[in-house]
Amino acid sequence: MAKGWELTDERRQQIKTYNEIGWPASLTIPVLELYEQMSISTIRKHFLCRPDAPYIKFDERGGVIPRMAWEKFKACLSVGKTYEGEI
């Protein structure tokens, strides 16, 4: 069974640092995990599996998610709408 997300001392420090200096405009998967404070498997299962997720794949190994687009995407999900992207 997969291990759930755990708030370790290292993660606590990273979150504190990002809260002080500001979160990056583009979130990588590890930073998204910190930002949402949930495991990547949960994020993939409930959010990134959707075709309207604002994930920008840039090569075979990964991609980024614009932070503001992520917030708008979650807002659309919360009211049952489909995220249509930025204009």
Side-chain angles (χ1 to χ4, degrees):
M1 184 170 163
K3 183 179 177 185
W5 195 81
E6 185 178 326
L7 188 59
T8 62
D9 289 338
E10 180 184 347
R11 285 180 172 167
R12 235 184 231 107
Q13 184 58 43
Q14 287 177 311
I15 290 169
K16 181 181 177 197
T17 300
Y18 279 132
N19 285 335
E20 289 173 357
I21 65 171
W23 288 87
S26 296
L27 305 171
T28 59
I29 296 298
V31 175
L32 180 63
E33 220 177 1
L34 281 176
Y35 187 74
E36 290 298 330
Q37 296 186 21
M38 62 177 71
S39 71
I40 191 57
S41 60
T42 301
I43 293 170
R44 286 187 197 279
K45 181 179 178 182
H46 296 289
F47 299 105
L48 295 180
C49 68
R50 295 176 51 98
D52 60 336
Y55 184 71
I56 302 168
K57 190 171 184 172
F58 58 80
D59 66 14
E60 295 300 318
R61 296 174 293 150
V64 296
I65 299 164
R67 185 172 40 89
M68 294 310 291
W70 180 253
E71 289 301 324
K72 290 176 184 176
F73 169 70
K74 289 191 315 178
C76 288
L77 289 180
S78 70
V79 294
K81 293 186 177 183
T82 300
Y83 176 69
E84 295 182 16
E86 302 298 313
I87 295 176

Checklist entry - At what distance, to the nearest 0.5 angstrom, does CZ of Arg44 lie from CE of Met38? => result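 These two atoms lie 14.0 Å from each other.
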Checklist entry - Which value, rounded to the nearest 0.5 Å, describes the distance between Gln14 atom CD and Glu33 atom CD? => result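 Reported to 0.5 Å precision, the distance equals 10.0 Å.
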Checklist entry - When you check the side-chain N and O atoms of Glu36 and Trp5, is any donor under 3.5 Å from an acceptor? => result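 Distance-only check fails for Glu36 and Trp5.
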Checklist entry - Is it the case that more than 12 heavy atoms not belonging to Lys81 sit under 6.0 Å from its NZ atom? => result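 Check fails, neighbour count at 12 or below.
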Answer yes if [X] and [Y] sit in the same cluster of Ile, Leu, Val, Met, Phe, Trp and Tyr residues linked by side chain heavy atoms under 4.5 Å apart, and no otherwise.
X	Y	result
Tyr35	Val64	no
Phe58	Leu32	no
Met68	Ile65	no

Can you give each donor-acceptor pair under 3.5 Å made by side-chain atoms of residues 47-56, sequence neighbours left out, with the distance rounded to 0.1 Å?
| unit_1 | atom_1 | unit_2 | atom_2 | d |
| --- | --- | --- | --- | --- |
| Arg50 | NE | Asp52 | OD1 | 2.9 |
| Arg50 | NH2 | Asp52 | OD1 | 3.3 |
| Arg50 | NH2 | Asp52 | OD2 | 3.0 |
| Asp52 | OD2 | Tyr83 | N | 2.8 |
| Tyr55 | OH | Gly63 | N | 3.0 |

Checklist entry - Is Arg11 reaching over with its side chain to a backbone N or O of Leu34, donor-acceptor style, under 3.5 angstrom? => result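 Judged by distance alone, no pair lies under 3.5 Å.
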Next on the checklist: Please enumerate all residues that pass side-chain contact (heavy atoms from CB on, under 4.5 Å) together with Lys16, with sequence neighbours excluded.
Outcome noted: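 Only Gln13, Glu20 meet the side-chain contact (heavy atoms from CB on, under 4.5 Å) criterion with Lys16.
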Next on the checklist: If I compare all heavy atoms of Ser78 with all of Ala75, which pair ends up nearest, and what's the gap?
Outcome noted: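 Looking at all heavy atoms of both residues, the closest pair is OG-O, 2.7 Å.
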